[in-house]
Amino acid sequence: MDRSAWGPEPGGERHVQPAVLRAIELILERYFEPITLSALSSEVYVSPFHFSRIFAKATGVTPGRFLTAVRLFEAKRLLLTTSLTVSDIVCSVGYSSVGTFTSRFLRTVGMTPTEYREPEVGELLVARSAHFQRLPSLRSLREAAGSTRPPLEPGGGRLTVRVDMPPHATPANLLVGVFADSVPQTGPVAFGSVAEARSADLVIDGVPEGTWTVIAVADHGSVRDAQAGPAFTIATALATVTEFEPSEVTARLRPPALTDPPIAITLATRQSLADQRALTAQRTQLRAVA
């Protein structure tokens, strides 16, 4: 199955209704405040029903899911880059209860806010938004492939992702992940990466059966010599994987747009963090004995 055009409307922001763009700007400006669908639609002079429809068509998600993505993106940023307490962060991103936020964070991200502050999480962070993009270093990606990659599913399928670069784009370091959600908050069920890639086929083995969201991110700035073409491109597609038949999907890269729900996921897992803590403790004990 190949649904490379799934997600936000193609063509960037040129064909998006002004009401949607203004609503997204309001979400980005006021995500820390209580925001309701009726309030948003009122501010852009559109009925709630029509607003929900045109917003989902432009972004691929409902206004509520977009707001949640913005809040979690900001919470992750603050956890990784500041010394603010979890309580302060909760208030800063629009939540009123530390307990509710912590439970939701653990359920959707797969680790606690405190665990999210460990160095490995930041080193393996993949971030995608209209204003900020990040891809781990090639060395970190290679190490992640061996230490954090989910175990291969018995009888898992093979997925070939045909990555199409935009015209005039320079080679890029490329990561392709297979996710259970269109706006993931936790790591992929499988992923692959390649250095200095142009348009190419990337084969990912061990993908469980089912329909998955394929997200590709390409960092052109890390390998380009001149300020030509986009520095960062992204793609989203749907792929259906079966055990006995190879599957293919096309991912057409394009520059990020304001209509893309922000995503920040780490390739680190709770298990890899525990393994790293155990290794650090072992090394400390060895140094003490020596």
Side-chain angles (χ1 to χ4, degrees), residues 7-8 13 20-37 39-40 43-44 55-56 58-136 177 179 181-188 213 215 217 219 231-232 234 236 255-268 270 273:
E13 297 163 22
V20 173
L21 296 177
R22 178 55 185 153
I24 293 173
E25 290 172 351
L26 290 171
I27 289 174
L28 295 175
E29 291 169 4
R30 292 162 30 187
Y31 61 86
F32 47 85
E33 300 176 3
I35 300 178
T36 64
L37 173 63
L40 266 181
E43 294 222 28
V44 297
F55 192 97
T59 67
V61 298
T62 64
R65 287 202 67 193
F66 198 101
L67 174 61
T68 297
V70 170
R71 286 174 168 169
L72 285 174
F73 188 93
E74 184 64 11
K76 292 173 179 179
R77 184 188 71 81
L78 293 173
L79 285 168
L80 291 172
T81 63
T82 75
S83 58
L84 291 172
T85 66
V86 174
S87 297
D88 288 338
I89 291 173
V90 168
C91 295
S92 298
V93 298
Y95 290 92
S96 57
S97 167
V98 175
T100 299
F101 172 81
T102 300
S103 299
R104 181 174 296 177
F105 194 92
L106 176 59
R107 183 174 65 253
T108 59
V109 179
M111 58 185 74
T112 67
T114 300
E115 289 171 330
Y116 206 83
R117 292 189 126 150
E118 297 197 25
E120 185 183 0
V121 171
E123 292 170 4
L124 294 175
L125 183 72
V126 180
R128 182 203 81 179
S129 74
H131 305 298
F132 178 78
Q133 302 87 35
R134 184 186 186 280
L135 198 62
F179 295 89
D181 193 9
S182 61
V183 188
Q185 300 297 340
T186 190
T213 299
I215 297 177
V217 291
D219 184 358
F232 205 92
I234 62 174
T236 303
L258 191 65
T259 50
D260 294 313
I263 293 172
I265 63 99
T266 181
L267 299 178
R270 217 173 184 188
L273 296 180

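Please read all numbers here as calculations on a predicted model, not as lab measurements. Residues take their numbers from the sequence shown, with the count starting at 1.
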For the residue pair Thr266 and Val126, establish whether any side-chain heavy-atom pair is separated by less than 4.5 Å. no
Going by heavy atoms in the side chains, are Lys76 and Leu125 under 4.5 Å from each other? no
Note: Pro63 and Ile27 closest approach over all heavy atoms is O-CD1, 4.4 Å
4.5 Å side-chain heavy-atom contact, Thr59 and Ile24 = yes
CA sep, side-chain torsions, deciding dist, call: Arg117, Val121, side-chain contact (heavy atoms from CB on, under 4.5 Å)
CA-CA 7 Å; Arg117 292 189 126 150; Val121 171; over 6 Å; no
So ring-ring contact (aromatic ring centres under 6.0 Å, His included) across residues 84-126, not counting sequence neighbours, yields Tyr95-Phe101, Phe101-Phe105, Phe105-Tyr116
- [ ] Could you tell me whether the side chain of Leu258 reaches within less than 4.5 Å of the side chain of His131, counting heavy atoms only?
- [x] yes
Residues passing the side chain to side chain donor-acceptor pair (under 3.5 Å) test with Thr100, sequence neighbours excluded, are Ser97
- Please confirm whether the backbone N or O of Pro262 pairs with a side-chain atom of Ser129, one donor and one acceptor, at under 3.5 Å? no
* To do: Mind running side-chain contact (heavy atoms from CB on, under 4.5 Å) on Val86 and Val90 for me, showing each step along the way?
  => CA-CA 6 Å; Val86 174; Val90 168; 4.1 Å; yes
Applying ring pair (Phe, Tyr, Trp, His ring centres under 6.0 Å) to Phe55 and not counting sequence neighbours gives Phe51, Phe66
Side chain to side chain donor-acceptor pair (under 3.5 Å) pairs touching residues 82-94, sequence neighbours excluded, are Thr85-Asp88
Taken in chain and number order and not counting sequence neighbours, the residues that satisfy side-chain contact (heavy atoms from CB on, under 4.5 Å) with Gln133 are Phe232, Pro256
For Ala69 and Val183 the tightest heavy-atom approach is CB-CG1, 3.9 Å
Salt bridge (Lys or Arg N to Asp or Glu O under 4.0 Å) filter on Arg30, not counting sequence neighbours, yields Glu33, Glu43
Sequence neighbours excluded, the answer for side-chain contact (heavy atoms from CB on, under 4.5 Å) partners of Thr112 is Leu106, Thr114, Glu115, Arg270
Value for CG (Leu67) from CG (Leu26), rounded to nearest 0.5 Å, stands at 11.5 Å
- Task: Indicate yes or no: at least one non-hydrogen side-chain atom of Pro188 is less than 4.5 angstrom from one of Ile265.
- Result: yes
Quiz item: Between Leu21 and Thr259, is any pair of side-chain heavy atoms under 4.5 Å apart?
Solution: yes
Residues passing the side chain to side chain donor-acceptor pair (under 3.5 Å) test with Arg22, sequence neighbours excluded, are Glu25
Residue pairs passing the salt bridge (charged side-chain N to carboxylate O under 4.0 Å, His left out) test with at least one member in residues 59-73, sequence neighbours excluded, are Arg65-Asp181
Sequence neighbours excluded, the answer for side-chain contact (heavy atoms from CB on, under 4.5 Å) partners of Arg128 is Ile215, Ile234, Thr236, Asp260, Pro261, Ile263
Those residues at least two apart in sequence (or on a different chain) that pass side-chain contact (heavy atoms from CB on, under 4.5 Å) with Phe32 are none
Residues passing the side chain to side chain donor-acceptor pair (under 3.5 Å) test with Thr102, sequence neighbours excluded, are none
